[in-house]
Amino acid sequence: MTVFAMLFLSIALMYACSKSEEEVTPEEKKITFSVPSNFPAPVYNFEDNKLSNAGFALGKKIFYEARLSADKSVSCGSCHQQFAAFTQLDHKVSHGVNSCQGKRNTPPLFNLAWQKAFFWDGGVKNIETSPLNAITDACEMGTDIQTIVAFLKNTAPYPDLFKQAFGSTEINSQLILKSIAQFTAVLVSGNSKYDKVMRKEGGISFTSTELAGYNLFKEKCTSCHAEPFFTDFSYRSNGLDLLSADEGRSHITGVAADFGKFRVPTLRNIEYTSPYMHDGRFYSLDEVLEHYNSGIKASTNLDVQLKTGIPLNITEKEQIKAFLKTLTDNEFIKNTLYSES
Amino acid sequence: MKLSQYFLALLCPIILLSSCKKGADEVTADTKSSFSIEFENQVNGSPLVLNTTTYKNAKGEDFKINVFKYYVSNIKLSKADGTTYLIPESYFLIDASKEESTNITLKDVPTGDYTKIEYTIGVDYARNFAGAQTGALDPINGMFWTWNSGYIFVKLEGTSPQSPATGNALTFHIGGVTDPNNTIRTFATEINAANPLRVRTDGKPNMHFKVNAAALFTGKTDISFSTLYLTMGGANSVIVANNYANGLFRLDHIHN
């Protein structure tokens, strides 16, 4: 009996020893796609693109790979910077190869798994094929998928990384795009103060100013910036110009009624995503709010809800701004899992 | 309520009948074989020769063709008794510049005599938005629009003296899957009952289609290159799709 106990004890000790050794080199944390409890079911669900640590790591490496662009200067991450909630800080419009300036403001990248369409005009309908647009645009990466396939085939350590991610040394456009989607679809931002208040986490509550802003927001803004994504994903004209210089959604639909309409942008992380609007014309939230207060132009396709503008006094503006800042998700912005290095 | 009872009464024998049929079919469903389709690209009866040969459209205007590519997908076969078989994952890109692409093989087809064939000229709605694809649908094939996602169903590029574009270019990229600019068209043709497509384990039949590239420019609307010389989706692509819906393919003969 005692022998057994001794044996058991020594085994237990050995086990404890090995366990502490493991702690020195901890196992890699499993990458997961998690749906915040205050979010609905996503559109993209990884059913046909099995999420793995190796797939995510490969997608992230490709996302930050500047050698993919025509002049090797621009990666996805150049225009989608984590500290700016994956849009480009200080740039009105995207800044591509050969210092070419695009025509629209870079959209931030998060909660993409809930989006049915992408870009300001909704031209792309699947997260997996979204990168093709940026890859081929002359003012973004200025290249093509053939060139990228060839580069990845001939550049270490990519063949090894593809093997780890997909079990085969084959590199093709489908696997490239699926790996990028493993990175971009995992970018979920749902841990802002707003989310925690909504989920009643740890007794967190709005300040009186934030709460006043939230109530004002629900009264004046949610018909377009619907919770919980703070966009209803529709295309609207918000009266920036009498005649829009950019045809917007009509470029995709060919319908005149869509001229000058753009996708309602999310307001999550809005504190970090300036400049604002499809052409990045406003640098501050004050300018944006003043546009709705006094700047709306009666363009042909102006959204009916904006016909009389959104009158806002100084106090109301401050309250709304205070609320909008509760949509900042610092855990997301600073999560090293998403960082280049 | 009464109506649905009638429906049910009607449905019962139909279900019984169809289950009967299925039972009878199972004998042949176990044996599968293959057949092939050859697409002979032509222009109004003359062989299609890229880059060099001059052709005439219905308006009498000269043109040359440099690129001619199209998708054939969702191939469905029917028997005389009305049963059909949709060949799964049947997506093919025929490229006039690639000889090997003009003869396609359909595998694992249940044996039997088929008297009708139909297929999509292009790619079905769902697959246009289904994410990253490979094989014939790989965007590497240059038949996928990146800015307004979806496939180019038929691509014809060339030149015509009448085209006012730079280099007298003709650019016909036909695609689009949403109204009012939906260009998905289905082609169907009956097969002579005297010589049906006989899919057998001991034979490899070949269907021979003639494909008339000039059908893009004639039919419902005769096109003049002076006014329509470039389309990449939209209303003009619908005009072209309506033209080629009936005139692009013609079943010439079957080697059984």
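Proteins get letters first, then strands, A, B, ... in listed order; numbering begins at 1 in each.
Taking OG1 from A/Thr136 and CH2 from B/Trp145, the interatomic distance works out to 13.5 Å, rounded to the nearest 0.5 Å. Between atom CG of residue B/Asn148 and atom OG1 of residue A/Thr253 there is a gap of 9.0 Å, rounded to the nearest 0.5 Å. Taking CG from A/Asn126 and CD from B/Gln133, the interatomic distance works out to 8.5 Å, rounded to the nearest 0.5 Å. The distance from the CZ atom of B/Phe129 to the NZ atom of A/Lys116 is 12.5 Å, given to the nearest 0.5 Å. For the atom pair B/Asp138 CG and A/Ser173 OG, the distance stands at 3.0 Å (nearest 0.5 Å).
In terms of modelled atom types and a separation under 3.5 Å, the side chain of A/Glu128 and the main chain of B/Ala132 share a donor-acceptor contact.
Of the listed residues (A/Gln146, A/Lys178, A/His251), the greatest number of heavy-atom pairs within a distance under 4.5 Å of chain B belongs to A/Gln146. Top candidate by heavy-atom pairs under 4.5 Å with chain B, chosen from A/Val124, A/Ile145, A/Val149, A/Asp137, is A/Val124. Listed options A/Asp144, A/Val255, A/Thr129, A/Leu175 were ranked by heavy-atom pairs under 4.5 angstrom with chain B; first place goes to A/Thr129. Interface check for chain A: of the options B/Gly234, B/Pro139, B/Gly176, the most heavy-atom pairs under 4.5 Å are formed by B/Pro139.
Contacts of B/Ala235 with chain A are absent, with no heavy-atom separation under 4.5 Å from either backbone or side chain. Both the backbone and the side chain of B/Thr134 come within less than 4.5 Å of a heavy atom of chain A.
Under a cut-off of 6.0 angstrom, the local environment of NZ in B/Lys107 is sparse, with at most 12 non-hydrogen atoms contributed by other residues, nucleotides or ligands. Within a 6.0 Å radius of CD in B/Glu99, other residues, nucleotides and ligands contribute 12 heavy atoms or fewer.
A donor-acceptor contact closer than 3.5 angstrom is absent between the side chains of B/Thr146 and A/Asn133.
Contact of the A/Ile252 side chain with the B/Trp147 side chain is registered, since non-hydrogen atoms from C-beta on lie closer than 4.5 Å.
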